[in-house]
Amino acid sequence: MFEGEKKDWIGAAMTRREDPPLLRGEGRFVADHTPPECLFLEFFRAPQASGRITALELDAARETDGVFAVFAAADLGLSGHSAVNMLIPGARAKSFDVLAGEQVTALGQPVVAVVAQSPAQAMDGAEAVWLDLEAEETLDRSDVPTAQYRTGDAGKALSKSALRCAVRVDHARVAPFALEPRAALAEWDGELLRVHLSTQTPFRAKEDLARILGLEPDQVQVIAPDVGGAFGGKASIYPEEVAVAFAAKVLGRPVKWVASRSEELQAATHGRGAATGAEIGLDGEGQITALRADLDFPLGAWTPYSAYAPARNAARILPGPYRVGSVDIQLTTRFENRAPMGIYRGAGRPEAVMLMERLIDKAARLAGVDPLELRRRNMLNAGDFPYQSPTGELMDLSDLPALLDRLEQESGYVELRQRQQARRAAGEVCGLGLALYLEPCGQGWETARLSLLPDGRFQAETGASAQGQGRETAFAQIVAQELGVTPDQVAVAEGDTARLNNGLGALASRSTAIGGTAMMRASAGLAALARARLASARGVAETEILQVDGGFAWGNRLYTWAEIASEGTLVAEETYTAPQEAWASGAVLAEVTIDRDTGVTRTDRITWVDDAGRVLNPMLLEGQMMGGLAQGMGHAFMERIAYDADDQLLTGSLMDYALPRATDMPGAVHFHSAPTRSGANELGAKGVGEAGCIAVPPALANAVQDALSPFTEDDLDFPLTSEKIWRAMQATEETP
Ligand code: SMO
């Protein structure tokens, strides 16, 4: 019971406490909440991407069976804007219209909101809306926020290099496709607007809703119940959500909207989509002397909160895990008559790592050096960290040589290269692709509250909401570890703005690192309160009271948490701000085989060594890694939002937009955790949520380009579809 017998809950592979209700179908998502008197809202959306509204006829919609109210822009009278994080110097906020008034700027933009007794009746009403548009350019495309990152004279260094290597990587726009689409349910009781929202940032949504609707923040409560994934797509308020809240407030009845898949593909944020190009120079020893890059990030028709995050992340981390003499990175962004661009799992990190890793692989081929060897010559060593990068980033502790050595051994790299020669000689098209990455995470602040309840159990509350990560399981492990109790004694609540004064939410791979540290500190705070109360009640010095498993000890007497609770409850609160970002790192090897006749790529195996810092729960870690890997497979091989020349959407449903399925996953994934404690937060954790999207696609791209190298050295655009690969194999004669 006493010191020395403490069980380690942090690091234990506990199963997710969230799962049993979800598996039994007892999860409660926004769509599952239907209060009495609830009305349903559907949108009439812009059928074209750009034009001036010349006529809007609503009578037929109003007369549709079951329709309760019809709103157009003129009925709203709203003027507030959603907040935008101005992350690059030239950044500019372009706010959305809740409903389009004079003009439309993107296909699928909400124009009319129809509220009815049932969703079907609301849809009938929306279909009865008549809109006349006069085609017209409605976006000022000349407005191009730009930024530049420069150290040294990259141009001069390049011109003096022994070898220069250039790469272009163009990414498709993709959808941060969550299983649960966006959904909102709003209720107004005359004083409080309560909104059930499928969001990853409840507090941000609360602030935005209050500002746009002209309410005080404490008049708005946002509840994120079970959320079925977000991936960056639910981190900023949407016009649809404001319209739902507005309708509920005006009508005095609950109003609910649940997006269809098509609405998601049309009008939810997209990710990636950047056109990127870069050149590196190598000296005679194969050391990188300079890096010059042009990164062009599309923005869409309006800017969600983190519109500039992908562009900024890509630029700031581009040199990655390598020593690069001088850099010159030119960043441009541009508005388009398309769905807004936002963060998507990785948010600029995938684009940066892709570009740098393609460069290294291509340079290795040009130099006749093995790509693993070229990485070894240029990567930062463990002793270089913490490291100040040429773009001004302070990088956390990592041991890249150890990661690469481990990858080489675990994958049997040397033998694989030999076997590749033999397979090629036998007519197979096969490739090996490496990727090495450093990813910033765990930035900012988060809140936590921990209460000792009258029965001796604990209630933990966190501002870091959840959308499937297993947050409640992980945070119960932290509290159990810190207080010497068992996780089943700790209830964990999140996703309700009424519980805490503030919170950041779940994004940018930060919740465990900073939300977890906040919870760890709240646990220490609660223990300090308990010790102080015991000491003062017994008239002894606090130092005489020892914290032990299950409670406290004074001499031979044990005070359990239940006994302490019987003297009154205790509450500890914490807002933790990380002094710097954590940087996760890792290395991946992908093995692919391409079918000569069809161009279909089979991913035979992924070997992956990852440093996610201190691991709270290896099962949750692996779950996050595999989820990110699956989305990375989609990005690399099949996902693409396609527009035609008029910005008409060609991929409006899952008939056209290709999501990866179980059969598209690699034949094998061998994952190895190689943690180095982070020096950036007290818990020692780094991020895990985005690693798969960052690490896996570049390894796949390098493997495909390696497989195709007997045919072509041309850079293929994303996604690497079988058609593109087949065409690449037809275009040129194979060189042995
Ligand atoms: S792309 Mo993430 O949800 O910050």
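As the structure lists them, so they are numbered: ligands from 1, and atoms in each ligand from 1.
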Close-contact set for ligand 1 against Phe231 heavy atoms, below 4.0 Å: 1 (S), 3 (O)
Nitrogen or oxygen of Gln200 less than 3.5 angstrom from that of ligand 1: yes
Aromatic ring pairing Phe718/His635, orientation class (parallel under 30°, perpendicular over 60°, tilted between): tilted
Close approach, Lys234 and ligand 1, non-hydrogen under 4.0 angstrom: no
Gly346 N/O under 3.5 Å from ligand 1 N/O: no
Polar side-chain atom of Glu263 near backbone of Ser260 as donor-acceptor pair, under 3.5 Å: yes
Would you give me the side-chain donor-acceptor pairs under 3.5 Å for residues 502-510, sequence neighbours excluded?
from	atom 1	to	atom 2	distance (Å)
Ser509	OG	Glu690	N	3.3
Ser509	OG	Glu690	OE1	2.6
Arg510	NE	Gln443	O	2.8

Identity and distance of the protein heavy atom lying nearest atom 1 (S) of ligand 1: Arg345 N, 3.1 Å
Gly232-ligand 1 polar pair, N/O distance under 3.5 Å: yes
Enumerated ligand 1 atoms positioned under 4.0 Å from heavy atoms of Glu690: 1 (S), 2 (Mo), 4 (O)
Ile329 versus Thr391, closest heavy-atom pair with distance: CD1-CG2, 3.8 Å
Atoms in ligand 1 flagged as close to Ala508, the criterion being non-hydrogen separation under 4.0 Å: 2 (Mo), 4 (O)
Please tabulate, for side-chain N and O atoms in residues 87-95, each donor-acceptor pair with protein atoms closer than 3.5 Å (sequence neighbours left out).
from	atom 1	to	atom 2	distance (Å)
Arg92	NE	Asp143	OD2	2.1
Arg92	NH2	Asp143	OD2	2.7
Ser95	OG	His81	ND1	2.8

Electrostatic pair Arg173:Glu336 at N-O distance under 4.0 angstrom: yes
